[in-house]
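For ligands, and for the atoms within them, numbers begin at 1 and follow the listed sequence. In this chain, numbering begins with 1 at the start of the sequence shown.
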Amino acid sequence: MTEANKGYFTEENSADVVISRIAETTDPRLAEVVGAITRHLHAAVKEIEPTQEEWLAAIKFLTETGHKSDDWRQECILLSDILGVSMLVDAINNRKPSGASESTVLGPFHVPDVPELPMGSNICLDGKGHPMQIKGRILNTEGQPLSNVKIDVWQTNDDGFYDVQQKGIQPDFNLRGVFRTGDDGTYMFWGAKPRFYPIPDDGPVGKLLGSLGRHPYRPAHLHYILEAEGYETLITHIFDPDDEYIHSDAVFGVKESLLAKFDLIEDPDRIAKEHPEGPFYEVEHDFVLAPAS
Ligand code: BEZ
Ligand code: FE
């Protein structure tokens, strides 16, 4: 028995006594994780000195967060998102070599097995919003184009909702698509200029944001997952730098390198050739994949 293990629980030695009960046969990683959480949690409680009522309010908040979660709605992940923990875990697990594109949060609205489309397709099936041409290259860190890269993209419609949030209102697979690069490593498709939108804020996490004087909005963005054999999978976004929430993303997902340029094309020659229906936005953004480690 260690000294702490033999001791009675006191305010001073609280964390040591709890940690000393972890059996030596415990999986070392689990012991490390529970030990660190115990130490930091006890330190926080000692700093806060909650009243019994405050402690119960915290338990009630966590209980509501659990009750709000199901297979589709993940309120616990939202809590992690608004506290910056999701982005911190992402940063720790995606340290990229110099020159490689940066990652950001996946978010809850990715759909697996979206149909693959020919390059140049229009993923905007509801016809809402400003038409936007999205294009660029997928490169390796030596600047060479990468072929056979699977490009999985998704975005909200002009009302600020993903198709899966409005089943029966938006067409299935609206503003989603999978594309595959050819030998030149380029990609191009059409969508709609994205807009800012709120993260789901009708639960305890939304209430907490309100109590903290924080808004629930994410600046306008487009999601990407890029997958290629021999390279690290890249989960990322591009953002509209002119969005009013670009400096206050509710989930801290914005990085300077992910700001794209959204240009309004009004040149009659280009309109005639590329989009006879009228002016359109153009976004050009290259991605650089890191080699698999
Ligand atoms: C999203 O960008 O889709 C998202 C990310 C985090 C929380 C909610 C939504
Ligand atoms: Fe999103």
note = Quick note on ligand 1: atoms under 4.0 Å from a heavy atom of His223 include exactly 1 (C), 2 (O), 3 (O)
request  = Mark up the atoms of ligand 1 that fall under 4.0 Å of a heavy atom belonging to Ile199, in ascending order.
outcome  = 7 (C), 8 (C)
key: Residue pair Ser103 / Thr236, side-chain donor-acceptor N/O under 3.5 Å   = no
task = If you have a sec, work out which protein heavy atom is nearest atom 1 (C) of ligand 1 and how many Å separate them, to one decimal?
result = Tyr197 OH, 2.8 Å
key: Atoms of protein origin (N, O or S) under 2.8 Å from the Fe ion (ligand 2)   = Tyr162 OH, Tyr197 OH, His221 NE2, His223 NE2
query = Where is the nearest protein heavy atom to atom 5 (C) of ligand 1: which residue, which atom, and how far?
reply = Gly107 CA, 3.5 Å
key: Check ion pair Arg137-Asp184 (N to O, under 4.0 angstrom)   = no
task = Tell me which part of Leu78 gets within contact of ligand 1: side chain, backbone, both or neither, using heavy atoms under 4.0 Å.
result = side chain
Modelled atom types, side-chain donor and acceptor of His285 and Tyr187, under 3.5 Å = no
remark   = So the atoms of ligand 1 within less than 4.0 Å of a heavy atom of Phe109 turn out to be 3 (O), 9 (C)
ask   = Between Arg195 and His221, is any side-chain donor less than 3.5 angstrom from a side-chain acceptor?
value = no
Under the side chain to side chain contact (heavy atoms under 4.5 Å, CB included) test, residues paired with Glu75 that sit two or more places apart = Thr65, Lys68, Ser69, Arg73, Leu78, Pro204, Val205
task = Compute whether any side-chain donor of one residue and acceptor of the other, for His40 and His42, lie under 3.5 angstrom apart.
result = no
Side-chain ion pair, Lys261 and Asp263, N-O less than 4.0 Å = yes
request  = Look at Arg270 together with Glu282 and state whether they make a salt bridge at an N to O cut-off of under 4.0 Å.
outcome  = yes
key: Ring geometry between His223 and Tyr162 (parallel below 30°, tilted from 30 to 60°, perpendicular above 60°)   = perpendicular
key: Part of Phe252 within contact of ligand 1 (heavy atoms, under 4.0 Å)   = neither
remark   = Note: heavy atom closest to atom 6 (C) of ligand 1, options Val105, Asp81, Ile77, belongs to Asp81
query = Atoms of ligand 1 less than 4.0 Å from His221 heavy atoms?
reply = 2 (O)
ask   = atom 4 (C) of ligand 1: which protein heavy atom is closest, and how many Å away?
value = Pro108 CD, 3.5 Å
inquiry  = Taking the basic N atoms (NZ, or NE/NH1/NH2) and the acidic carboxylate oxygens, is any pair closer than 4.0 Å for Lys167 and Asp172?
reply    = no
task = Would you please say whether a donor-acceptor pair under 3.5 Å links the side chains of His215 and Asp201?
result = no
key: Short N or O distance, Arg218 and ligand 1, threshold 3.5 Å exclusive   = yes
